[in-house]
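Computed from heavy atoms alone, side chains included, the values below leave out hydrogens, waters and symmetry copies.
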Amino acid sequence: MKTLLRREYLVGAVVAVAGFGLVVLLVLASGGDPVDAAIGWVDGAFGLPYNLSQTVTSAIPLVVIALGAAVPLRTGVVVVGAEGQMIVGAIAAAAVLLPFGNSVPSWMALPLGAAAGAGGGAAWSLLPGLALLRWRVSEILSALLATFIAVQLLAYLLRTHLRDPAGSATARSANIPDPALIPWLPVPGRFSTAVFAVLVLVLVAIWWHRGRGASLLEIFGERRWLAERTGVTPMRALLVTTVVSGAAAGLAGWFQLAAVDERLTPAVSGGVGFGGLIVAVLGRCRPIPIVVAGVVYAAIATGAGGVQVRTGIPSAIGTVAQAVLLGTALLAIALVRRSTARRTAAPDARGGHDG
């Protein structure tokens, strides 16, 4: 089984390399030198302490979402609803924290915001999970629908109940109370202490990935009938893994709200949910590679300015590169799921486990 899993991860790695190859072709088509573009990218993303802090800050929600998405991906469930879960998590955190104002100290406000964000994302993740179990609705379609609903819900709340009472030309909430804001480190740029929370999550993920639970999920994804004999039922596996993924996305929404935006706006997610899925695939659903992939993916955007300065290629190349990686990541998922489905169906066709 481990050999088969390595083969699947190799497929994902090959497709990801192909994605980077397409980006190189785009640079060449734009009249740029790939070597100069790479140097400019590194300089723009890591060349100065400020640039490095911006890259790490952008990577934080990506890594958090990817760590959560890696859990259901082990079962073969593709979670594309992190964008909506991130939005709902930010909504829940803002709705809980704003009424308290500055009356709650930081040691209470910070865990309260984190719990509200994670709880909101987890609750929203149940929509596609229950639809899959109850009516066999594609988890991808239902998750995308749930994301659309979350976007509309956010727009409605920012015009009504969560609208800034002081008035604003744009739709936004009032500022999050100061005690609920995640503190910054005394370094150039906006480098928040949320990075320490991410390190804790990575350590927890490493511990879990080496345990029995991760192995059972891999068995469930490969041979569902065999996993059921160990007590891992489809309802238990799918609901628990999607809730974990949703809680991580909601927590990322709170990080974005309390460490970056400092108020609720329509752009609170900013495509980070989909980026987290890419990071999970590029990181082969393993904690340490996910961290590396998260930093690289964030650096694609933050380093685009350096590419423009050095080569003259518009900084929009960063957005285009991320879109290319999204397409290649989805292709990798499709190939892996197709391979897994064929192997899972093989014992049924032979009747190999009926007795």
Which atoms form the tightest heavy-atom contact between [X] and [Y], and what is the distance?
X      : Y      : answer
Ala92  : Gly120 : CB-CA, 4.2 Å
Ile176 : Ala180 : CG2-CB, 3.7 Å
Ala280 : Ala69  : CB-CB, 4.2 Å
Pro179 : Ser106 : O-OG, 3.0 Å
His209 : Pro287 : CD2-CG, 3.6 Å
Ala93  : Gly113 : CB-O, 3.8 Å

Please tell me if the side chains of [X] and [Y] come closer than 4.5 Å, counting only heavy atoms from C-beta onward.
X      : Y      : answer
Arg74  : Thr241 : no
Ile290 : Leu67  : yes
Ser245 : Val71  : no
Leu112 : Trp254 : no
Val56  : Val295 : no
Leu73  : Leu277 : yes
Leu98  : Ser173 : yes

Hydrophobic cluster identity match, [X] and [Y], side-chain contacts under 4.5 Å:
X      : Y      : value
Val79  : Leu141 : no
Ile149 : Val80  : no
Leu251 : Val195 : yes
Leu110 : Val260 : no
Val204 : Phe196 : no

Can you tell me how far apart [atom1] ([X]) and [atom2] ([Y]) are? Round to the nearest 0.5 Å.
X      : Y      : atom1 : atom2 : answer
Arg286 : Ile206 : CZ    : CD1   : 11.5 Å
Leu153 : Thr147 : CG    : OG1   : 12.0 Å
Leu52  : Thr302 : CG    : OG1   : 9.0 Å
Asp164 : Asn175 : CG    : CG    : 7.0 Å
Ile65  : Gln256 : CD1   : CD    : 9.0 Å
Leu264 : Leu158 : CG    : CG    : 5.0 Å

The criterion is side-chain contact (heavy atoms from CB on, under 4.5 Å); which residues satisfy it with [X], sequence neighbours excluded?
X      : answer
Ser192 : Ile60, Ile182, Trp184, Ala194, Ala259
Pro105 : Trp107, Met108
Ala298 : Thr55, Ser58, Ala59, Leu62
Ala197 : Phe255

Checklist outcome for this item: Note: with side-chain heavy atoms under 4.5 Å as the link, the other cluster members for Val35 come out as Ile39
Checklist entry - Has the side chain of Ser53 got a donor or acceptor atom that lies under 3.5 Å from a matching backbone atom of Phe191? => result no
Next on the checklist: Under a 3.5 Å distance rule, please check whether Asp178 uses its side chain to pair with a backbone N or O of Asn102 as donor and acceptor.
Outcome noted: no
Checklist entry - Does a donor on one side chain and an acceptor on the other come within less than 3.5 Å for Glu83 and Ser269? => result yes
Checklist outcome for this item: So the side-chain hydrogen bond (donor to acceptor under 3.5 Å, both in side chains) pairs with at least one residue in residues 117-138 (sequence neighbours excluded) are none
Next on the checklist: Run the side chain to side chain contact (heavy atoms under 4.5 Å, CB included) test on Leu239 and Leu130 for me, step by step, so that the C-alpha distance in whole Å, both residues' side-chain angles and the decisive distance to 0.1 Å come before the verdict.
Outcome noted: CA-CA 8 Å; Leu239 288 185; Leu130 292 174; 3.9 Å; yes
